[in-house]
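Data first, discussion second: the structure below is written as structure tokens.
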Amino acid sequence: MDEDRVRRVHTGTFVFLAFFSGVTAATSTWLLTKWRKDDNQGGLTKSSTGLICFTAWLSLLLSIIYASVFRMRPNSSIVNIQSHLRLLALLWTFWTAGAATITAALSGGNNCSTINYQLPYCNQLNAELGFAWASWIITTIALIVIVNLEIKRPDKSPGALVSAF
């Protein structure tokens, strides 16, 4: 993988993660605001939405920071391989927990037009579920790529991402 490709893929991946995290953050923030106002939802659904909200805003912020710093200073120690590993492992852990808990709370998702019980904001919860798993997939792929780059590095010293091959 050459330097130019690493730069393009890195920026694209983090912008993609920022986009999906932003949509998830907006959806989960809206849900939490509605629940706080109406107080019509509780339990695991509200708790998992809170976790997803935190994770989405954290992912959005850190994705923008990493993409920006990498574009401006790709050889900076702030965006080296170990830093990427730590960041992506942390985000992967949070996305796994959030996506799994909202999946459990919704019993794998709902067809809002055919359920036989009252579920406020059913469509928004399904959107949150889908975008949480999409963010998890993006984070997982990015983590696999970074681990692969780390394994294939000729020297094992902490180095810049673009000089990893």
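The residues of the chain are indexed from 1 along the displayed sequence.
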>> Could you tell me if the side chain of Phe19 sits less than 4.5 Å from the side chain of Leu60, heavy atoms only?
In response: no
> Which distance, rounded to the nearest 0.5 Å, do you find between the CD1 of Ile102 and the CH2 of Trp133?
Replying inline: 11.5 Å
> Mind checking what makes side chain to side chain donor-acceptor pair (under 3.5 Å) contact with Thr93, not counting sequence neighbours?
Replying inline: none
> So, for Ile52 and Ala132, which heavy atoms are closest and what is the spacing to 0.1 Å?
Replying inline: CD1-CB, 4.1 Å
> What residues form a ring-ring contact (aromatic ring centres under 6.0 Å, His included) with Phe54, not counting sequence neighbours?
Replying inline: Phe94
> In chain order, what residues pass the side chain to side chain donor-acceptor pair (under 3.5 Å) check against Ser48, with sequence neighbours excluded?
Replying inline: none
>> Give me each pair satisfying side-chain hydrogen bond (donor to acceptor under 3.5 Å, both in side chains) with a member in residues 12-25, each pair once, sequence neighbours excluded.
In response: none
>> Going by the rule ring-ring contact (aromatic ring centres under 6.0 Å, His included), which residues pair with Trp57 if we only count those two or more places apart in sequence or in a different chain?
In response: none
>> If the condition is side chain to side chain donor-acceptor pair (under 3.5 Å), which residues does Ser63 pass it with, not counting sequence neighbours?
In response: none
>> Nearest 0.5 angstrom please: His84 NE2 to Arg86 CZ, how far?
In response: 12.0 Å
> With respect to Glu128, which candidate in Thr27, Thr49, Asn123 satisfies the side-chain hydrogen bond (donor to acceptor under 3.5 Å, both in side chains) definition?
Replying inline: Thr49
> Quick one: side-chain contact (heavy atoms from CB on, under 4.5 Å) partners of Ala67, sequence neighbours excluded?
Replying inline: Phe14
>> Would you say that Leu87 contacts Leu91 through its side chain, given a criterion of any heavy-atom pair below 4.5 Å between the two side chains?
In response: yes
> Do Ile64 and Phe70 share a hydrophobic cluster (ILVMFWY, side-chain heavy atoms under 4.5 Å, transitive)?
Replying inline: no
>> Rounded to the nearest 0.5 Å, what separates atom OH in Tyr121 from atom CH2 in Trp30?
In response: 5.5 Å
Tell me which donor-acceptor pairs under 3.5 Å the side chains of residues 136-146 have, and how far apart each pair is, sequence neighbours excluded?
from: Trp136; atom 1: NE1; to: Thr96; atom 2: OG1; distance (Å): 2.7
from: Thr139; atom 1: OG1; to: Ser135; atom 2: O; distance (Å): 2.8
from: Thr140; atom 1: OG1; to: Trp92; atom 2: NE1; distance (Å): 2.9
from: Thr140; atom 1: OG1; to: Trp136; atom 2: O; distance (Å): 2.7

> Mind checking what makes side-chain contact (heavy atoms from CB on, under 4.5 Å) contact with Ala26, not counting sequence neighbours?
Replying inline: none
>> Can you list, by chain and residue number, the hydrophobic cluster partners of Val15 when the side-chain cut-off is 4.5 Å?
In response: none
> How many angstroms lie between CG in Leu90 and CG in Leu85, if you round to the nearest 0.5 Å?
Replying inline: 12.5 Å
> What residues, two or more places apart in sequence or in another chain, satisfy disulfide bond (SG atoms under 2.5 Å apart) together with Cys53?
Replying inline: none
> With side chains defined as the heavy atoms from C-beta onward, is the minimum distance between Ser47 and Leu51 less than 4.5 Å?
Replying inline: no
> Mind checking what makes ring-ring contact (aromatic ring centres under 6.0 Å, His included) contact with Phe131, not counting sequence neighbours?
Replying inline: Phe20
